[in-house]
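Just so you know, these numbers use all the heavy atoms, side chains as well, and skip hydrogens, waters and symmetry mates.
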Amino acid sequence: MNEILAYAMPGGMMLAGMLSIIVGFGAVLVWPRYLMFAFIACMLVLASSSGYGYADASDSNVFWVKGSRTFFFTFIEMSLVGAWLAMLYRHAWQGRQAPWLPMSKFYIGLAVLLFGHCVVGLMTTDHSLLEDLSMRGFTGVLYQGMFVALVLSTVRTERDLKLMATLFLVCLAGRHVFGLVRYIAFGGDPQNAYSVLGTSPVKITFFDINDSILAAAMFALCLWRLLTEGVQTLGPRLLLTGGMFMAFLTPLLSARRTAQAGMLLAIVALVPLLPRGRRWLAAAALVLAMPVVLYTLTKRLDTPGASIADRVLIDIKTNPLADPRRSRFHELTTAWQTIKESPMFGLGPAGSFKVYDRIGLEYHGGRYDFVHSGFGHVLLKGGFVGLALFCGVLLSWALYVRRYWAVVQGPPQTLAVAALAGLAASVPNLLFGTPVAEIRTMLVMGLLMALPLVAIRLARAQLADGRVTAPASTRAGAAQVSGLRRRGAAWQ
């Protein structure tokens, strides 16, 4: 009996795991749309991407790294790969090709580069293939590509986009209400690296950068609906105005320069997209709001003798007499000394830069396998070849959206504008954050990249069916979309 029990537990766990894989694979085949919306809701609400910044690491309960202690890969990573394979199987079974992406060749190039690093790693001793495939490398970029393809495969109609917009507003409004109430009444976000590390005794709304990126998208969504969709009744106008105000406050009170600069870039990107007759309203509102913003920022730090610059730019204040090695740029210059040894293909996904003096790099915790720059991280791991491919992903997406933006009209345009604002808010984090090493950040970017592509696909389909007519100023774009139909039939 004891022998039976000894084998029953591991055998039962193995059978349960196999059964869950089969059930999950089947669920993705049968209900892909509902599972996608449920996952996106989790992405919007379950925020924290890491346990960094908590006073006690045991207080963190990070949804995005669940399963990594038992299986090495997280449940999210395994589910994402499984869902992507199920999508490919479903399209093959139905006789359709997988969704076409304008940046597919660059994702494939990064996959080939990763495979090459894995092959070279297997030829060396004391090398773990799992480390090459972990989020410490540039696998997150490939997960992003899978997620973009999944969104394009499941969000296919204007009704889906309207449901997505409602999901955005409901989930993000609830998230920001929670954050502001916690900020006002309960001391702010407990994940507060500034207070925990003693750099600034300030409370914040959200430490995770993704909350500020999504706040920029929500701000654009509310502003666009107010100024372009002709919302007349008082109730919806008040709700949209309140949502816009909450979204505006979230990055301002986060104390992160990447979040504050991101909101500024989102506004800069949004205003030119507005109809010409509405741009002055947005500009006037921002000018009138600036005194209130500056007053709010200067009153939130109670350190005696702090200057206005210290109060406003909490995350950037420095002591002019401090050791220059305490600068964030010291990390990048230190990493560059190692990158120069293998500039073409980088140090590999599991590579780390050499450190001879740990002063100013204590926050790495002894692991020097990442840097605070998305572009710098890809350069560290994949060299100039990897950096060129990563920039190719972003540039090909931007050129494609710019080329066909003129034909996007109606409700799909609202969510596409919100996505563009969110991506603009991601630029400072790409330059000075750690997006590539955080799966939630890459998936949020993937979602924001996918929504304009969905809007363009719907615009092409409507123009091809004659349901809408492109304005005279966009006839060239309409002709381009019509021509795209012949080589992009996989989108249908």
TODO: Please list all pairs passing the salt bridge (Lys or Arg N to Asp or Glu O under 4.0 Å) test where one or both residues lie in residues 107-119, with sequence neighbours left out.
DONE: none
Could you list the donor-acceptor pairs under 3.5 angstrom formed by side chains in residues 101-115, with sequence neighbours left out?
{"residue": "Ser104", "atom": "OG", "partner": "Leu101", "partner atom": "N", "Å": "3.4"}
{"residue": "Ser104", "atom": "OG", "partner": "Leu101", "partner atom": "O", "Å": "3.0"}
{"residue": "Tyr107", "atom": "OH", "partner": "Gln144", "partner atom": "OE1", "Å": "2.7"}

Open item on the list: Test your reading of the model: is there a side-chain donor-acceptor pair from Thr205 to the backbone of Gly179, 3.5 Å cut-off?
Closed with: no
Report all side-chain donor-acceptor pairs from residues 412-423 shorter than 3.5 Å, counting only partners two or more places apart or in another chain.
{"residue": "Gln413", "atom": "NE2", "partner": "Val408", "partner atom": "O", "Å": "3.4"}
{"residue": "Thr414", "atom": "OG1", "partner": "Glu229", "partner atom": "OE2", "Å": "2.4"}

- [ ] Output all residues satisfying side chain to side chain donor-acceptor pair (under 3.5 Å) with Glu131, sequence neighbours left out; order by chain, then residue number.
- [x] none
- [ ] Would you please classify the geometry between the Trp100 ring and the Tyr400 ring as parallel, tilted or perpendicular, with 30° and 60° separating the classes?
- [x] perpendicular
Open item on the list: If you define the side chain from C-beta out and look only at heavy atoms, does anything of Val177 sit under 4.5 Å from Met246?
Closed with: yes
Task: Results of side chain to side chain donor-acceptor pair (under 3.5 Å) for Ser426 - residues two or more places apart only - done: none
Open item on the list: Applying side chain to side chain donor-acceptor pair (under 3.5 Å), can you list everything that pairs with Asn429, at least two apart in sequence or on another chain?
Closed with: none
Task: Residue list, side-chain contact (heavy atoms from CB on, under 4.5 Å) with Ala216, at least two apart or on another chain - done: Met263, Ala266, Ala425
TODO: Describe, in one word, how the ring planes of Phe138 and His117 are oriented to each other, choosing from parallel (under 30°), tilted (30 to 60°) and perpendicular (over 60°).
DONE: perpendicular
Open item on the list: So does Trp224 get a backbone contact from the side chain of Thr228, meaning a donor-acceptor N/O pair under 3.5 Å?
Closed with: yes
- [ ] Write out all pairs satisfying side-chain hydrogen bond (donor to acceptor under 3.5 Å, both in side chains) with one or both partners inside residues 238-248, taking only residues at least two apart or from two chains.
- [x] none
Open item on the list: I'd like to know if the side chain of Ser254 reaches the main chain of Ile204, judged simply by a donor and an acceptor atom lying under 3.5 Å from each other, with no hydrogens or angles considered.
Closed with: no
Task: Centroid-centroid distance, Phe147 to Tyr143, less than 6.0 Å - done: no
Open item on the list: Under a 3.5 Å distance rule, please check whether His176 uses its side chain to pair with a backbone N or O of Cys171 as donor and acceptor.
Closed with: no
Open item on the list: Can you list everything that forms a side chain to side chain donor-acceptor pair (under 3.5 Å) with Thr157? Sequence neighbours excluded, please.
Closed with: Asp160
TODO: Can you tell me which residue pairs pass the side-chain hydrogen bond (donor to acceptor under 3.5 Å, both in side chains) test with a partner in residues 383-398, sequence neighbours excluded?
DONE: none
TODO: Name all residues meeting the side-chain contact (heavy atoms from CB on, under 4.5 Å) criterion together with Val120; count only those two or more places apart in sequence or in a different chain, and write none if there are none.
DONE: none
Open item on the list: Quick one: does any side-chain atom of Ser373 pair with a main-chain N or O of Leu431 as donor and acceptor, under 3.5 Å?
Closed with: yes
Please list every donor-acceptor pair under 3.5 Å in which a side-chain atom of residues 381-388 meets a protein atom from a residue at least two apart or in another chain.
{"residue": "Lys381", "atom": "NZ", "partner": "Arg136", "partner atom": "O", "Å": "3.2"}
{"residue": "Lys381", "atom": "NZ", "partner": "Pro349", "partner atom": "O", "Å": "3.1"}
{"residue": "Lys381", "atom": "NZ", "partner": "Gly351", "partner atom": "O", "Å": "2.7"}
{"residue": "Lys381", "atom": "NZ", "partner": "Asp369", "partner atom": "O", "Å": "2.9"}

